Amino acid sequence: MMGEQEDSVEKLAFHTQMQRRIRSAVCCHDAETLRALLDECLVEKSPGEVSGILLDALEEQRLNFMSSARSLPEFILTIDTVNAALEQMRSLEEPRKNSDAFVRIVIGVVRGDPHDLGKNIIAGLYRAYGFEVIDLGRDVHQEAFSAALTTYDAKVLALSAMMSTTMPAMKEIIREVRITGSKVAVVIGGAPLDAEIARAYGADGYAQSARHAIEETRSAISRVFP
Amino acid sequence: MIPPPGLFPEKFLDALSGLCSLRGKVSRLTNVERLITTLRHREPDRVPCCPLVISGSRRLIGASFPDFALKPETTTRALMAAFDLIGGEVVIPMLDLSVEASDFGQTMIYPENSTPHPDYDHPLITDHTGYQKLKRINLRDARRMHSLVEVLRIVTRQVGMKGVVSGFCFGPLGVLCMMRGAEHLFRECILYPTEVMAALETITGVLAEFIEAQCETGVAAITLDTLFASHNGLSKPLWEQMEGPFVRELSSLIRSKGCIVGVHNCGHGSYFDSQIRFMEPQIMSFAELPEGCNTLGELKKRYGDQVVLMGNMNTSLLAHAGPCEVIQDAKRLIEALADGGGFVLAPGCEYPPNAPLENAFVLAQAAKLCT
């Protein structure tokens, strides 16, 4: 009995220490240390459990980014680090395509717009949070969005525009998507937009910045797929 | 045209603005008097206005985006049409944010219906080793920068005593971003700061020449755009380390020419405190509230006696709302920021280039109606 208790205390201590070290490696975007820690962790834990620890570390950084305690460049490096580590985990995990949580997202920057920083950050965040991302890139025509939604049977369409001159293309894309009758949650974001314009364009969600993208996408999904 | 304000003694400007402020209580001031009064933090007869109709002005003369960006005579005609028709006291002629980068050799795209931008599929700097290879260019061979100088020369002459003209220069980090792409640049500011700073030094040398040439056209001010000094860019310590010293050099140069230093901010949570420390600007334009301020009242209290505030009408509202909403928004800003002078009514950023121009007229009228 005593032996079992000691064993579980030891396991808890290991878990806590590992969590702390992983959090620190994610915070410092130290990919090499993180890889070694994950290998060490995988001796004791399943890939799913280790992914959970990683996502907790990312969530902590995301909240820091939301409160401006972390800067955008630091957060980009954090996303890079976590995505590389999650890739390592996913190669060990069972495919999750039958899971209820599995959501496929088509994302892109609208026609005429070359600014893909925001889109890339959000695509990286989506990946890290377990969404499957079909990234169409920048300067994407309406037809390409429609085709991707059909081909990949995506639940979410995420559109970005960073210029007031390219922003109206979003309205056209959303109108086209609605005409085809596809059931899809549309989330839009970008510098010239605001919540009112997003509503007027017929979007289901408006991500004011990368800080809000995950919550806004989750709530748009729950509204469209209750 | 008015001589650079820095050439006048402070006491003279104070006395002049005091007299103007008094006269403004009983009669209408001229545009220049109104601005002098505002810049000295005294109350003019009404708030001055800068509608910031830049590439949107091309539509007044039926010109395309590429013509506006590449033909100085077209740019000048468009900007003067906007100034004459819409009004306002401050004119900031600029072409687009890629002027400097394109002269460094960045491949550009000139869309027919949108603002010119770099071809991000072919960035001039392709990896972190490219920063140190960036070569200094001669202003004489810099076609687009030279075009802007020409535009400034003509606009300054044509505006004359009817208003104040400001030159414009994108900060060195912004110029570098146009040649590398923001995402890579952000990563590399952390991973390869020495390399990035080498490129910033090269760029700053060229921008100094560019600014000198702008000052020689007779402009009263130069506006520096330090977009990355905000929550949309680098952390405050990193910005102070990377761009701070270079923009300090550029703003000192502007002051040494007798011109006013203006700073434009279109990011969220701009670092006003750092920007003021490094650039000592007289005017700060802003699209969003700076870091540490939750309301316009807080902003006025914290920075209102240090700088003239300019902005911050919502550009989405200008693009989509009706005249009544625009007037209401202008009223809200004037009530919060105009007390005691030191405020210029303007959009937070460039007037949306493809939006109907009606609201630009409303904005200029609102400055008269709401004070």
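Throughout, protein chains are lettered first and strands after them, A, B, ... in sequence-line order, and every chain is numbered starting at 1. Atoms considered below: every heavy atom in the structure, side chains included; atoms not considered: hydrogens, waters and symmetry mates. The structure displayed is predicted, hence computed values, not measured ones.
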> After noting the C-alpha distance and the side-chain angles of B:Leu191 and A:Leu77, does the key distance pass the side chain to side chain contact (heavy atoms under 4.5 Å, CB included) rule?
Replying inline: CA-CA 9 Å; B:Leu191 300 174; A:Leu77 289 173; 3.9 Å; yes

Geometric donor-acceptor pairs, no angle filter, chain A-chain B, under 3.5 Å:
residue  : atom : partner  : partner atom : Å
A:Ser68  : OG   : B:His231 : ND1          : 3.2
A:Asp80  : OD1  : B:Arg187 : NH2          : 3.0
A:Asp80  : OD2  : B:Arg187 : NE           : 2.4
A:Asp80  : OD2  : B:Arg187 : NH2          : 3.2
A:Asn120 : ND2  : B:Glu183 : OE1          : 2.5
A:Arg138 : NH2  : B:Tyr120 : O            : 3.2
A:Arg138 : NH2  : B:Asp121 : OD1          : 2.5
A:Thr165 : OG1  : B:Ser114 : OG           : 2.6
A:Pro192 : O    : B:Ser316 : OG           : 2.7

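Interface residue A:Pro192: only backbone heavy atoms are found under 4.5 Å from chain B. In this structure, chain A has no heavy atom under 4.5 Å from any part of B:Pro111. Both the backbone and the side chain of A:Leu72 come within contact range of chain B, judged by heavy atoms closer than 4.5 Å. Both the backbone and the side chain of B:Leu234 come within contact range of chain A, with heavy atoms under 4.5 Å apart.
By number of non-hydrogen pairs under 4.5 angstrom with chain A, the leading residue of B:Pro118, B:Gly181, B:Gly233, B:Cys266 is B:Gly233.
A:Ser182 is linked by a side chain to side chain donor-acceptor pair (under 3.5 Å) to A:Thr180, counting only residues two or more places apart in sequence or in another chain. For B:Phe104, the ring pair (Phe, Tyr, Trp, His ring centres under 6.0 Å) criterion is met by no residue, not counting sequence neighbours.
Applying the ring pair (Phe, Tyr, Trp, His ring centres under 6.0 Å) test to residues at least two apart or on different chains, none of the pairs has a partner in residues 151-174 of chain A.
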